[in-house]
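To start, the structure under review is shown below, and the notes come after it.
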2 protein chains.
Amino acid sequence: MTRGVASVVLSASAASPNVIPYCDLAPHCVSCSVREMCLPVGLDGPALGRLDNVVAGRRRIRKKGSLYRPGEPFACLYAIRVGTFKTLTLAEDGREQVTGFYMGGEILGADGIEENRYSCEATALEDSEVCVLPFSLLDELAHEVPSLRRNLYKCLARDACQGQKMMLLLGSMCAEERLAVFLLDLAHRYRARGFSMNEFILRMTREEIASYLGLKLETVSRLFSRLQGEGLLQVQGRAIKLLDFSALKRLAGSSG
Amino acid sequence: MTRGVASVVLSASAASPNVIPYCDLAPHCVSCSVREMCLPVGLDGPALGRLDNVVAGRRRIRKKGSLYRPGEPFACLYAIRVGTFKTLTLAEDGREQVTGFYMGGEILGADGIEENRYSCEATALEDSEVCVLPFSLLDELAHEVPSLRRNLYKCLARDACQGQKMMLLLGSMCAEERLAVFLLDLAHRYRARGFSMNEFILRMTREEIASYLGLKLETVSRLFSRLQGEGLLQVQGRAIKLLDFSALKRLAGSSG
DNA sequence: CGACTAGTTGAGGCCAGTCAATGTTGGTGG
DNA sequence: CCACCAACATTGACTGGCCTCAACTAGTCG
């Protein structure tokens, strides 16, 4: 197996020559920075090695590029190594809705399992990289490794639960509450990945946030201004600093 | 093993002594009326038999009774034999949202997989009966029977996809469109079960419909009246007759 | 520099929510 | 069987939150 040059300049704008200490050519779960929140969670050494063999390689997706599109035959799940994606569901009349934002360690592609075709579009919000997991191989390995099987179930179940939470949000929360929930969710996910939960850079546009939250971009923009005025946070374009978590949690109906 | 004749009289109010021709003690997939849309789809004879052994029994739930509640430890999935359920997600501030309606052959309980506790409440809308499927046994059998494993994946993935569809609905459709989508979805599910798709009885209240669609019950009521006025359907309390499918589909953004 | 994309802010309108009164249905007990 | 009550449903009048439309600013890239 040829090992490619890996680490890759992925930061969106950095044109500067990045120094890459080691060529980590083939992806190895054991050395992956997001393994703690990815499929391999809880797997023992041998199982990890076998999972490595399942990984058919990596794919790099440039900003705005799509990982898969609705209707394409389903074959693989994708584990995000680096970067951020959104998933987009399309109505037949052209309307579209952002159904999720995904970051390192999260699994994309499960929407393809039901119909054997992907049902939504997964698009990179920044230059990103994923591990390609052929589902048939994954299933085979899951056949033998109970803990992987369990992780796979959980991964699918998580998508469903997330959907339910979003239904609650979209069905019964006002705009301000929705934004608070969204920001707290992001904060927690950044924290889980070792980043600051108070301060982060949004990877998505106002319009994408709005779509995800069932709002219009102007509303989102106004809300950011309002929350800033109330001292709950600071906004500067896509740079967010959360200042008053308890107030945000109160807004979010304690669901953050 | 005794074989039961499945026809159990479960009708809600019948206080009359129900005649149950045979005590059908153990449920058998092979003779179940909803097996075509349940977990056993596509399983061969031997596998079906083994699935029967997984079924730990049945549970009857009276109208308004709950099958499981949020926080209860997860142990089983439930396959609906007879009846209808709703699932309810609760926010910490008390707000609640109907996240789904489930009918014969559909699987409940997958929301428990992620956290090992059920995350929502499943409540019977009418006297109902489910097969109890201990997840550990199901998983063990799935370990050996690839087609069951596949069905299990699909079942979980379906929940997730359904969630995405609902996000699209809640995030970007107006009230009238939502109701149209809802009615067409019900129609298709009734048809798949061998019932009329034009004419059926709603098992849920206006308030439950409204919650599910992210609306208020008054709005739903008004919409029924309006659509009736426009000749798209006939309503009489919970009895629905759909008159103009193409118009409804147009309303639903062809997504029905 | 112009063209473009992303974001902010304001004014006004509309859809669905709120509040409230009334009608209908179904289960219960006399 | 009927009377009663509670739950469910319908309809109207009014309100308000978010959308629409539009103008303007800031940053980016060829």
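When reading the values below, keep in mind they use all heavy atoms of this one structure, side chains included, and skip hydrogens, waters and symmetry mates. First the proteins, then the strands, lettered A, B, ... as listed; each starts at 1.
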* **For atom NZ of B:Lys63 and atom P of D:dA7, their distance in whole Å** => 13 Å
* Asked: ring pair (Phe, Tyr, Trp, His ring centres under 6.0 Å) with A:Phe74: which residues, sequence neighbours excluded?
  -> A:Tyr118, A:Phe135
* **Where at least one partner belongs to residues 215-233 of chain B, residue pairs that pass side-chain hydrogen bond (donor to acceptor under 3.5 Å, both in side chains), sequence neighbours excluded** => B:Glu176-B:Arg226
* **Nucleotide pairing, DNA chain C (Watson-Crick or G-U, distances under 3.5 Å), in dot-bracket with [ ] and |** => ||||||||||||||||||||||||||||||
* For B:Arg191, which residues count as a salt bridge (charged side-chain N to carboxylate O under 4.0 Å, His left out) partner, sequence neighbours excluded? -> none
* Scan residues 216-237 of chain A against DNA chain C and write down, sorted by residue number, each residue with any heavy atom closer than 4.0 Å; if none is found, say none. => A:Glu218, A:Ser221, A:Arg222, A:Ser225
* Can you tell me if the side-chain N/O atoms of B:Arg238 get under 4.0 Å from OP1 or OP2 in D:dA9? -> yes
* Structure fact -> With sequence neighbours left out, the residues meeting side chain to side chain donor-acceptor pair (under 3.5 Å) with B:Asn198 are none
* To do: Please check if the side chain of A:Asp111 supplies one atom and the backbone of A:Ser119 the other of a donor-acceptor pair under 3.5 Å.
  => yes
* For B:Arg59, which residues count as a salt bridge (charged side-chain N to carboxylate O under 4.0 Å, His left out) partner, sequence neighbours excluded? -> none
* **Length of the CZ-P vector between A:Arg178 and D:dG17, whole Å** => 14 Å
* Would you kindly give the CG-to-P distance between A:Leu202 and D:dG27, to the nearest whole Å? => 17 Å
* To do: Using the salt bridge (charged side-chain N to carboxylate O under 4.0 Å, His left out) rule, collect all pairs that involve residues 162-173 of chain A, keeping only residues at least two apart or in two chains.
  => none
* Please report, rounded to the nearest Å, how far the P atom of C:dG7 is from the CD1 atom of A:Ile240. => 10 Å
* **For atom CZ of A:Arg203 and atom P of C:dG7, their distance in whole Å** => 14 Å
* Rounding to a whole Å, what distance do you find between A:Leu170:CG and D:dG17:P? -> 19 Å
* Residues in side chain to side chain donor-acceptor pair (under 3.5 Å) with A:Gln164, at least two apart? -> B:Thr99
* Structure fact -> Rounded to whole Å, CD of B:Glu208 lies from C1' of D:dA7 at a distance of 12 Å
Close N/O contacts between protein and nucleotides 14-16 of chain D (under 3.5 Å):
none

* To do: Answer yes or no: does a side-chain N or O of B:Arg206 lie under 4.0 Å from OP1 or OP2 of D:dT10?
  => yes
* To do: For residues B:Phe200 and B:Phe195, establish whether the separation of their ring centroids is below 6.0 Å.
  => no
* Euclidean distance, atom CD of residue B:Glu207 to atom C1' of D:dA6 [Å, nearest integer] -> 14 Å
* **Closest listed nucleotide, where the reference is the side chain of B:Thr205 and the choices are D:dC8, D:dC18, C:dA16** => D:dC8
* **Those residues that, when tested against B:Arg69, pass salt bridge (charged side-chain N to carboxylate O under 4.0 Å, His left out) (two or more places apart)** => B:Glu121
* Residue list, salt bridge (charged side-chain N to carboxylate O under 4.0 Å, His left out) with B:Arg203, at least two apart or on another chain -> B:Glu126
